[in-house]
Amino acid sequence: MTTYGTIPAATPSSSSSNLQFVSLAKERINSGLGTPRPWKEMIKLQDLSFPTSVSQLIQRIKINVAVFRMNYTIIMLFILFLSLLWHPVSMIVFIVMMVAWLFLYFLRDEPLVVMGYDIDDRMVILALLPITVLSLFLTNAKKNIIVALAIGLVVVMVHGALKETDNLVLVDGEEGIVSGGNGDMKMPLKNPASSSFSL
């Protein structure tokens with residue numbers, strides 16, 4: 001009896017390793033960029049207002065960028081993705097570079113070893129960043145990329161300036177310093193490894 005043309009069933013070990021790989025990827029990305037905040041929290045119209053001073057503007061942008069950094073990253077990448085839709089070569093380069101970032105930076109368990117030398121994460125970033133920028137600029141989509149990044153930056157800065165921070169909290173490190181619109185105060189953390197806190 002031949003099994004020509006049949007699709008082999010996934011073995012429990014291979015599906016288990018795939019799930020483990022996906023969960024590791026999710027954990028690494030969340031630890032690097034943080035978990036995305038709910039989109040409804042980000043776009044509540046009643047929480048949008050103009051800042052009253054320049055210092056309040058700067059404080060709002062700093063807190064909102066820290067709180068919504070994953071959401072802002074998703075927005076920037078989505079705008080960049082949309083700008084590259086009409087440049088298929090640039091889109092392929094963008095996808096290849098995103099895969100390189102995932103495997104060389106976000107998903108590594110161990111230090112990267114090249115010719116017997118351990119490569120630090122900072123060195124990986126310093127290598128991948130210019131390679132990414134250069135490879136995208138060599139695909140003749142310079143104008144699209146610059147315009148997309150500028151639009152993304154404007155969207156992030158406008159939202160960061162308009163979103164009130166009175167009800168947002170930013171926990172710095174393990175000591176539990178919470179920054180918000182009403183100043184800084186110390187709060188005990190439920191779990192120092194997470195960004196949760198208790199009142």
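- With sequence neighbours excluded, no residue forms a ring-ring contact (aromatic ring centres under 6.0 Å, His included) with His87.
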- Query: Checking side-chain contact (heavy atoms from CB on, under 4.5 Å) for the pair Asn140/Lys142: CA distance, chi angles, key distance, verdict?
  - Reply: CA-CA 6 Å; Asn140 292 327; Lys142 295 177 192 87; 4.0 Å; yes
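- Of all non-hydrogen atoms in Leu104 and Val124, the two that sit nearest each other are O-CG1, 3.6 Å.
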- Message: Go through it in stages, so that I can follow the logic: the residues are Ile146 and Phe137, the test is side-chain contact (heavy atoms from CB on, under 4.5 Å), and I'd like the CA-CA distance, side-chain angles, deciding distance and then a yes or no.
- Response: CA-CA 9 Å; Ile146 292 171; Phe137 275 107; 3.9 Å; yes
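- Residues Glu164 and Leu48 form no side-chain contact, since every pair of their non-hydrogen atoms from C-beta on lies 4.5 Å or further apart.
- Note on Leu82: it does not cluster hydrophobically with Ile92, by side-chain heavy-atom contacts below 4.5 Å among ILVMFWY residues.
- To the nearest 0.5 Å, atoms CG (Leu77) and CE (Met98) are separated by 5.0 Å.
- Separating the CG atom in Leu57 from the CD atom in Gln59 is a distance of 10.5 Å, to the nearest 0.5 Å.
- With hydrophobic clusters built from ILVMFWY side chains whose heavy atoms lie under 4.5 angstrom apart, Leu102 shares a cluster with Met97.
- We find the CG-CG distance between Asn64 and Asp47 to be 10.0 Å, quoted to the nearest 0.5 Å.
- Taken together through direct or relayed side-chain contacts under 4.5 Å among Ile, Leu, Val, Met, Phe, Trp and Tyr, Trp101 and Leu134 form parts of separate hydrophobic clusters.
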- Run the side-chain contact (heavy atoms from CB on, under 4.5 Å) check on Val67 and Tyr72 step by step: do they pass? CA-CA 10 Å; Val67 170; Tyr72 289 157; over 6 Å; no
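- Cluster membership for Leu80 and Leu138, using ILVMFWY side-chain heavy atoms within less than 4.5 angstrom, is not shared.
- In this structure, CG in Leu136 is found 10.0 Å from CE in Met91, a value given to the nearest 0.5 Å.
- Neither Val155 nor Phe50 shares a network with the other; the hydrophobic side chains, linked directly or stepwise wherever heavy atoms of I, L, V, M, F, W or Y lie under 4.5 Å apart, form separate groups for each.
- From Arg60, atom CZ reaches atom OG of Ser49 across 4.0 Å, with rounding to the nearest 0.5 Å.
- A donor-acceptor pair is defined here as one N or O able to donate and one able to accept, closer than 3.5 Å; such a pair exists between the side chain of Asn144 and the backbone of Ser83.
- In this structure, Ile79 and Ala148 approach most closely via the heavy-atom pair CG2-O, 3.4 Å.
- The side-chain heavy atoms of Ile145 and Leu149, taken from C-beta on, include a pair separated by under 4.5 Å.
- Residues Ser135 and Thr132 come closest through the heavy atom pair OG-O, 3.0 Å.
- Taking all atoms of both residues into account, the shortest heavy-atom contact from Ala127 to Pro130 is O-CD, 3.5 Å.
- Under the 30°/60° scheme for interplanar angles, the aromatic rings of Phe81 and Phe94 are found to be tilted.
- Atom-to-atom distance recorded for Ile125:CD1 and Asp120:CG is 8.5 Å, nearest 0.5 angstrom.
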